[in-house]
There are 2 protein chains.
Amino acid sequence: MINIREKLAQNGLKVTPQRVAVYEAITRLNNHPNAEAITDYIKRKYPNIAVGTVYNTLETFVQKGIISRIKTNGDVMRYDADLNGHHHLYSRDARRIEDYHDEELNQFLSEYIRKKQIPNFTVEDINVQIVGKFID
Amino acid sequence: MINIREKLAQNGLKVTPQRVAVYEAITRLNNHPNAEAITDYIKRKYPNIAVGTVYNTLETFVQKGIISRIKTNGDVMRYDADLNGHHHLYSRDARRIEDYHDEELNQFLSEYIRKKQIPNFTVEDINVQIVGKFID
DNA sequence: TCTTATATAAGAATAATTCTAATTTATATT
DNA sequence: AATATAAATTAGAATTATTCTTATATAAGA
């Protein structure tokens, strides 16, 4: 578990209650929330936060590598505080997104792609989206 | 190469010049265009097409499985007329997206995921996004 | 405590997409 | 070929997510 205050300081960012709140919202919600869900969550304790601040903060965090953005299919941008290389399970409509951790798969893919040598392209990250149906 | 007129008929869709134009724009542009690029392309020959029609048409095509939408990272929705299972290479900013065809990888992944049996999830599609730098 | 660069609030602006209602058209039927 | 009708298109208004602007407030170092 990351200490967000330290992380902010390490990145030369001021430690503000808004930033701490945004980070906590993402980890607490824990379901790849979008900006609106994050804002709503924060407003329960901190009703005056401006949406612009939430968007700014999210952008800053993504730039600094504190969180990541998740690519979706027709849905709005969503965010993830888990930075351990992992993949995602998507419902068809991408409304629901869950983590899929699989170290064996990570190993295989980076090795495979490294060997394959894609011409004119330097690989930085590999990302698997598994689309299907959640049963529950 | 698919005959779009037949494809429309097969799907119970009327064969209109707008629909044909949208499909042709996506195949001709061939670089995962967004709705704006598609509209601009069509307007050169067909200046009166309404943006709403382009959006409707894209949505209809996606529903019917005639084209696919591509998930991106902060960019707008983009479209692909190539339905042969393939993956994508993304630049960091996702401005540039290229196809990555690799049948061996497809084989491996579907086999791997099938064996792995993700609990409470039925896999329908697997999608690899390779993020990195294009060299050229 | 003071200074100042940085961050935030509030709301206006923008951009992508969707919606609405009137009109037109593709296709099935005569 | 003409007609009927369900479906599609147009034009522009509406909506929604996100970004921008500017004045004010604040964190952190001196």
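Letters A, B, ... are given to chains in the order of the sequence lines, protein chains preceding strands, and every chain is numbered from 1. Worth saying up front: this structure is predicted, and the values here are computed from it rather than measured.
- Closest to the side chain of B:Pro17, out of C:dA9, C:dA16, C:dA26, is C:dA26.
- Residue A:Tyr55 places its side chain closer to D:dT19 than to any other of D:dT19, C:dA9, C:dA16.
- With rounding to whole Å, A:Gln63 atom CD is found 13 Å from C:dA7 atom P.
- Annotation: B:Lys116, atom NZ; neighbour count of heavy atoms from other residues, nucleotides and ligands within 6.0 Å is above 12.
- Comparing C:dT8, C:dA26, C:dT6 by their nearest atom to the side chain of A:Gln18 picks out C:dT8.
- The nucleotide whose nearest atom lies closest to any side-chain atom of B:Arg19 is, among D:dA8, D:dA17, C:dT8, D:dA8.
- Here D:dA8 is the nucleotide among C:dA16, D:dA8, C:dA9 with the atom lying nearest to any side-chain atom of B:Leu13.
- Scanning both residues, A:Tyr79 and A:Leu58, for their nearest heavy atoms gives CE1-CD1, 3.7 Å.
- Using a 4.0 Å cut-off, no side-chain N or O of B:Thr16 falls inside it from OP1 or OP2 of D:dA7.
- Aromatic rings of B:Phe121 and A:Tyr100 (six-membered ring for Trp) have centroids beyond the 6.0 Å cut-off, not under it.
- Nucleotide D:dA17 holds its P atom 13 Å from the CD1 atom of A:Ile38, rounded to whole Å.
- Here the side chain of B:Thr53 is nearest to one of D:dT9, C:dT8, D:dA17, namely D:dT9.
- The aromatic rings of A:Tyr23 and A:Phe61 sit perpendicular, their planes meeting at an angle over 60°, well past the 30° parallel limit.
- Residue B:Asp40 contributes atom CG, which lies 14 Å from atom P of C:dA15 at whole-angstrom precision.
- As a whole-Å value, the separation of B:Ile42 CD1 from D:dT10 C1' is 14 Å.
- Counting non-hydrogen atoms under 4.0 angstrom, A:Pro47 reaches nothing in the nucleic acid.
- Within the nucleic acid shown, B:Val15 comes within 4.0 Å of sugar-phosphate atoms alone, with no base atom in reach, counting heavy atoms only.
- Listed candidates were D:dT18, C:dA10, C:dT17. Nearest to the side chain of B:Ala35 is C:dT17.
- A:Arg96 and A:Tyr90 form no side-chain donor-acceptor contact under 3.5 Å, judged by distance and modelled atom types alone.
- Taking atom CG of A:Leu58 as the reference point, atom P of C:dT8 lies 12 Å away to the nearest angstrom.
- Regarding A:Tyr79, its OH atom lies at a distance of 10 Å from the C1' atom of D:dA17, rounded to whole Å.
- For A:Lys14, counting side-chain heavy atoms from C-beta on, the closest listed nucleotide (C:dA7, D:dA8, C:dA9) is C:dA7.
- In this structure, A:Asn56 places its CG atom 8 Å from C1' of D:dT19, rounding to the nearest Å.
- The CZ atom of A:Arg78 sits 17 Å away from the C1' atom of D:dT16 (whole-angstrom rounding).
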